[in-house]
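Okay, so here's the structure we're looking at.
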Amino acid sequence: GAVTYRGTTGRFDGILGVGAGYNFNNASTFGELSIGVDYRVIDRVAVYAEARQHYYFNGNIAQYNRNLSSIAAGVKLRF
């Protein structure tokens, strides 16, 4: 699960999230940090960018593979 916070100013939304979980495939617990920003082009359409970091604490994962990072961007449609 994760807890997120969203701050809004004008057409921009900033998002910060912290979480933890268990990956059954790797038999490992992990922590997660995510940060992102949305820009609302119009009220129901936004473009976004997001970065995430996972850290696996233990399990069937080699020590050098325990940090996983990702960056995403796209379009959000709100209904």
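Residue numbers start at 1 and run along the sequence shown. All values reported here derive from a predicted model rather than from experimental measurement.
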- Query: Quick one: side chain to side chain donor-acceptor pair (under 3.5 Å) partners of Asn23, sequence neighbours excluded?
  - Reply: Tyr56
- Message: My understanding is that only residues two or more places apart in sequence, or in another chain, count here; which of them pass side chain to side chain donor-acceptor pair (under 3.5 Å) with Arg52?
- Response: Glu32
- Task: Please work out which of the three classes, parallel, tilted or perpendicular, describes the rings of Phe30 and His54, given edges at 30° and 60°.
- Result: perpendicular
- Query: Of all residues at least two apart in sequence or in a different chain, which pass the side chain to side chain contact (heavy atoms under 4.5 Å, CB included) check with Ala2?
  - Reply: none
- side chain to side chain contact (heavy atoms under 4.5 Å, CB included) with Tyr22: which residues, sequence neighbours excluded? Phe24, Ala27, Thr29
- Item | hydrophobic_cluster_shared for Ile35 and Tyr48, side chain cutoff 4.5 Å | no
- Going by chain and number, the hydrophobic cluster around Tyr55 (ILVMFWY, side chain to side chain under 4.5 Å) further includes Phe57
- Item | Connected via hydrophobic side-chain network under 4.5 Å: Ile15 and Phe12 | no
- Message: Please enumerate all residues that pass side chain to side chain donor-acceptor pair (under 3.5 Å) together with Arg66, with sequence neighbours excluded.
- Response: Gln63
- Message: On a heavy-atom basis, which atom in Arg40 and which in Gly10 lie closest, and how many Å separate them?
- Response: NH2-O, 2.6 Å
- Item | Any side-chain heavy-atom pair of Leu16 and Leu33 under 4.5 Å | yes
Would you mind writing out the side-chain donor-acceptor pairs for residues 71-79 within the sub-3.5 Å range, not counting sequence neighbours?
residue, atom, partner, partner atom, Å
Lys76, NZ, Asp38, OD1, 3.4
Lys76, NZ, Asp38, OD2, 3.0
Arg78, NH2, Asp13, OD2, 3.4
Arg78, NH2, Asp38, OD2, 3.1

- Note on the structure: Grouping ILVMFWY residues whenever side-chain heavy atoms fall under 4.5 Å, the cluster of Tyr5 otherwise contains none
- Query: Which residues pass the side chain to side chain donor-acceptor pair (under 3.5 Å) test with Ser70, sequence neighbours left out?
  - Reply: none
- Given side chains that start at C-beta, do those of Gln53 and Asn67 come closer than 4.5 Å, heavy atoms only? yes
- Query: Taking only residues two or more places apart in sequence or in another chain, which ones pass side chain to side chain contact (heavy atoms under 4.5 Å, CB included) with Asp43?
  - Reply: Arg11
